[in-house]
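Working notes, structure below.
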Amino acid sequence: MAKLSGVSYSSINTMINKCHVPTINTLIKICKGLNITLNQFFIDMEEITDEQSELLFIWNMLDEYSKDSVMLYMKGLAKKRIIK
């Protein structure tokens with residue numbers, strides 16, 4: 001995580017072992033390194049299904065163009081369902 005985020009190993013170790021609360025800037029760096037949003041960082045993973053977890057994992061691998069395409073497709077599917 002240190003290599004991915006640019007946050008020093010000692011800082012991460014202190015946060016974990018001494019229950020030190022990181023700054024928001026540190027959390028942002030960690031999230032960027034892990035390719036997740038702050039919302040995803042704080043979500044209670046026990047509240048989402050395996051299917052939702054898989055979708056988030058795939059979503060995080062997509063580039064912006066692909067994400068836009070997926071969103072348009074999903075919105076189209078949702079509209080069809082509402083109309084029926």
Task: Nearest-0.5 Å distance that lies between atom CG in Leu4 and atom CE in Met1 - done: 9.0 Å

Open item on the list: Is any side-chain heavy atom of Met15 closer than 4.5 Å to one of Thr26?
Closed with: yes

- [ ] Applying side-chain hydrogen bond (donor to acceptor under 3.5 Å, both in side chains), name anything that partners Asp63, two or more places apart in sequence or on another chain.
- [x] Ser66

Task: Nearest heavy-atom neighbours spanning Cys31 and Phe41 - done: SG-CB, 3.6 Å

Open item on the list: According to side-chain contact (heavy atoms from CB on, under 4.5 Å), who are the partners of Ser10, at least two apart in sequence or on a separate chain?
Closed with: Ser8

- [ ] Indicate, with yes or no, if Leu55 and Val70 share a hydrophobic cluster defined by side-chain heavy-atom contacts under 4.5 Å among Ile, Leu, Val, Met, Phe, Trp and Tyr.
- [x] no

Open item on the list: Run the side-chain contact (heavy atoms from CB on, under 4.5 Å) test against Glu54 and tell me which residues pass, sequence neighbours left out.
Closed with: Ile58

Open item on the list: If hydrophobic clusters are built by linking Ile, Leu, Val, Met, Phe, Trp and Tyr wherever their side-chain heavy atoms come under 4.5 Å apart, do Val21 and Ile30 end up in the same one?
Closed with: no

Task: Of all pairs that satisfy salt bridge (Lys or Arg N to Asp or Glu O under 4.0 Å), the ones with a partner from residues 12-40, not counting sequence neighbours - done: none

TODO: Using the test side-chain contact (heavy atoms from CB on, under 4.5 Å), find all partners of Ser69 that sit at least two apart in sequence or belong to another chain.
DONE: Tyr65

TODO: To the nearest 0.5 angstrom, please state how far the OG1 atom of Thr37 sits from the CG atom of Leu56.
DONE: 8.0 Å

TODO: Give a yes or no answer on whether the side chain of Asn60 reaches the backbone of Ile36 with a donor-acceptor pair at less than 3.5 Å.
DONE: no

Open item on the list: Let me check something: do Ile16 and Val7 share a hydrophobic cluster, defined by ILVMFWY side-chain heavy atoms less than 4.5 Å apart, either directly or through other members?
Closed with: yes

Task: Distance, nearest 0.5 Å, that separates CG of Asn35 from CZ of Phe57 - done: 10.0 Å

- [ ] List in chain and number order the residues that pass side-chain contact (heavy atoms from CB on, under 4.5 Å) with Lys67, two or more places apart in sequence or in another chain; answer none if no residue qualifies.
- [x] Trp59, Leu62, Glu64

Open item on the list: For a quick test of reading the model, state the closest non-hydrogen atom pair linking Ser5 to Ile12 and the distance between them.
Closed with: OG-CD1, 4.2 Å

Open item on the list: Using the rule given for side-chain hydrogen bond (donor to acceptor under 3.5 Å, both in side chains), can you reason through Ser11 versus Thr14, listing the C-alpha separation, both sets of side-chain angles and the distance that settles it, and then say yes or no?
Closed with: CA-CA 5 Å; Ser11 294; Thr14 301; over 6 Å; no

Open item on the list: Could you report the tightest heavy-atom contact between Leu27 and Pro22, atom names first, then the distance?
Closed with: CD2-CG, 3.6 Å

Open item on the list: Once side-chain hydrogen bond (donor to acceptor under 3.5 Å, both in side chains) is applied, do any residues pair with Asn13, and if so which ones, sequence neighbours excluded?
Closed with: Asn17

